[in-house]
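Taking it in order: structure first as structure tokens, then the write-up.
Quick note on labels: first sequence line is chain A, next is B, and so on, each numbered from 1.
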Amino acid sequence: MNSRNAAWATGLAALIALPFVYREPYHLHLLVLILIWSFAYTSWSIMGRFGLVSLGHGGFMGVGAYVTALLWNHLGVSPWIGIPLSMVAAGALALVVAYPCFRFRITGHYFVLVTLALSGIVLQVITATRDYTGGSLGYTPNRTKGSQLLALQFDDKVTWYLIALFVWVMGLLIWRWVDRSMSRYAMEAISEDEDAAAAAGVNVTAEKLKITLISALMTALAGALYCQYQMFISPDTVSGIAVSLQMVFAVIVGGLYVSLGPTVGAIITILLAEILRIGFGTKAVGWDNLVYGVLLVVFIIFLPKGILGSILDRFKTQPKPSGTP
Amino acid sequence: MLTVDGLVKRFGGFTAVNNVSFRVEQGEILGLIGPNGSGKSTIFNMLSGTLTPSAGSILFNGSEIGGHPPHRIINSGIGRTFQIPRPFHRLSIFENVALAGYYGQGSHSRARADEAAERALAMVGLSTDRHASVDGLGAAGLKKLELAKALATGPKLLLADESLGGLDETEMDQAAEMLRKIRDELGITIIWVEHIMGVLMRVVDRVMVLDHGEKISEGLPSAVAGDPRVIEVYLGTDADSSQAAAAEARRPAGV
Ligand SMILES: Nc1ncnc2c1ncn2[C@@H]1O[C@H](COP(=O)(O)OP(=O)(O)OP(=O)(O)O)[C@@H](O)[C@H]1O
Ligand SMILES: [Mg+2]
């Protein structure tokens, strides 16, 4: 256990030190994106690992991004207040959609469909209110002159890298906290047999709502951060069904049941998108989604635990080296 | 302790439980018997909140619990087992029971949950190893786990749905002994469901017999076993076991 903690601490220290020795802007940019999306995927997996497969998370991300940006542009509300507000909005939305689902036992495919509708609705609202949100053309938060802490706008990548790193670590800590909590037992039990879980005294609806709420709040934060970093949001990049699908894809590829699985998924998806973009240019627009789709099917069939999950399994089943008991 | 009055459960046009009333007194073991499909498990499902009654009232320690959500009923002191064991395969045996200890008592204390799990597992005779997998358990082991889960919720009233073939004569005797021990040592009141009268008759204080969702007899084991209506229900289908039960019931307890 201790050597494991030491490994984590060393890894983290290296990640913190990295931008002070290596500052190539494009690479730092990729790292920031990977960290933000890793956090978003981790947020999704918090509930996804218990069979609560949501295709509504694009919606939560969109709410996080758009509410923060709209409050800033129209009312001059600092993102420091706007982000919590956007998280509250996404949390409320999650409860409104999830409560009836859980209360009336909408599970499995039906739950997926309801959440898919949620993504669609958020997308529709963004395009329908295009006078405010810019619709499908996208939206830009008003810029300050230079970096400003109050506006959460920074010109330099290092600051963003450190912010994204911090949030990503928070996400992993929340994942681990859930993993070690009694709520995980309850959710595992619920995902297998709701009646039996209830007969063990578990308030099934409340437990599911709790985990959904945590996941939605985190996802909204990811959306808001993405918005502040990119200073441009559009339904395609931060909301809608494609984004939701991308989350499912990345998490399944990386590994649904291990803490770093979503991160591995983010690294793969973002590098894949970049390689396609650089290699094939505008010809390859939309190709990544095609590749995702094909890979998703392949993974679900052949590697359901994802890349990291399968590798770790391999390690576990390997005979221990001689000399250690 | 429990007063059930006019309990009805309909599934569509089919009445599975029809106007059943009974009482359970503190500290007794009530046997609930009846042929397949007579409504025993359905009554348990209503008592534990898994199903909502179509009509009737269920008073537990003086307050109405009919139609309450299961977790509230479990927290108020009723524990149940399922006829066909329903373990959580993704959790270890210990975790299965600790989960029930954590949520079932409403205490939400990890230390107390672990303690309850240790006690319940020891009571039913399962290993308290934290990592042992559910998949290693056989039919009898799964029934024990089911019982341990129910016990860990800290019940005052235990609903034990044991009616399942699959157990041989000695295992049945062990199960009966177990229930008696639970009542004697933990002071837990029990309703025990079985569809074969055999062993049950020796352990219970009173028996209630269901047929087609209706209560057809109730009373001391010896009296019920001799009741012509009960013999009629069991005749043809289970005549031997009915006679055996009558003989069992005449035997002094503990022999
Ligand atoms: N959820 C349900 N929907 C429809 N019918 C049901 C449902 N649950 C039970 N039934 C029916 O109600 C009747 C009573 O079933 P129940 O399971 O209570 O019988 P039982 O006395 O426990 O029988 P057994 O001894 O076989 O366990 C049966 O005819 C059964 O088919
Ligand atoms: Mg039954």
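Taking every heavy atom of both residues into account, B:Ile58 and B:Val4 meet most closely at CG2-CG2, 4.4 Å. Pairing each heavy atom of B:Met46 with each of B:Pro53, the nearest pair is SD-CA, 3.5 Å.
Within 6.0 Å of CZ on A:Arg103 lie no more than 12 heavy atoms contributed by other residues, nucleotides or ligands. Sparse packing is recorded around OH of A:Tyr110, with 12 or fewer heavy atoms of other residues, nucleotides or ligands lying under 6.0 Å away.
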Determine, stepwise, if the pair B:Glu146 / B:Lys143 fulfils salt bridge (Lys or Arg N to Asp or Glu O under 4.0 Å). CA-CA 5 Å; B:Glu146 196 66 21; B:Lys143 296 220 119 223; over 6 Å; no
Pair A:Asp195, B:Arg80 - check salt bridge (Lys or Arg N to Asp or Glu O under 4.0 Å), show working. CA-CA 11 Å; A:Asp195 279 334; B:Arg80 74 161 299 176; over 6 Å; no
Working note: A:Phe111 + A:Phe102, criterion ring pair (Phe, Tyr, Trp, His ring centres under 6.0 Å); need CA distance, chi angles, decisive distance, verdict. CA-CA 9 Å; A:Phe111 180 72; A:Phe102 297 159; 5.6 Å; yes
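With a 4.5 Å cut-off on side-chain heavy atoms, B:Thr15 and B:Arg10 count as touching. Side-chain contact between B:Thr189 and B:Leu2 is absent, with no heavy atoms from C-beta onward closer than 4.5 Å. In this structure, the side chains of A:Leu113 and A:Ile106 stay at 4.5 Å or more apart for every pair of heavy atoms.
Residue contact with chain A, scored on non-hydrogen atoms closer than 4.5 Å, involves the side chain of B:Thr153 exclusively. At a 4.5 Å heavy-atom cutoff, B:His108 makes no contact with chain A through either its backbone or its side chain. Within the 4.5 angstrom heavy-atom criterion, no atom of B:Ala150 approaches chain A. For A:Ser181, the part lying near chain B is the backbone, with the side chain staying farther off; criterion is any non-hydrogen pair under 4.5 Å. Looking at B:Arg90, the atoms closer than 4.5 Å to chain A (heavy atoms on both sides) sit in the backbone and in the side chain alike.
With sequence neighbours left out, A:Phe166 forms a side-chain contact (heavy atoms from CB on, under 4.5 Å) with A:Met170.
A salt bridge links B:Arg180 with B:Glu177: at least one charged nitrogen is closer than 4.0 Å to a carboxylate oxygen. We find that B:Glu115 and B:Arg112 are not joined by a salt bridge, their nearest charged nitrogen and carboxylate oxygen being 4.0 Å or further apart.
Within residues 116-134 of chain B, no residue has any heavy atom less than 4.5 Å from a heavy atom of chain A. Scanning residues 37-56 of chain A against chain B with a 4.5 Å non-hydrogen threshold yields no residues. Scanning residues 186-193 of chain A against chain B with a 4.5 Å non-hydrogen threshold yields A:Ala186, A:Glu188, A:Ala189, A:Ser191, A:Glu192, A:Asp193, sorted by number.
Going from atom CE of B:Met1 over to atom CD of B:Gln26 covers 4.0 Å, rounded to the nearest 0.5 Å.
Stacking of A:Arg184 on the aromatic ring of B:Tyr102 is not recorded, the 6.0 Å distance cut-off and the 45° axial limit not both being met.
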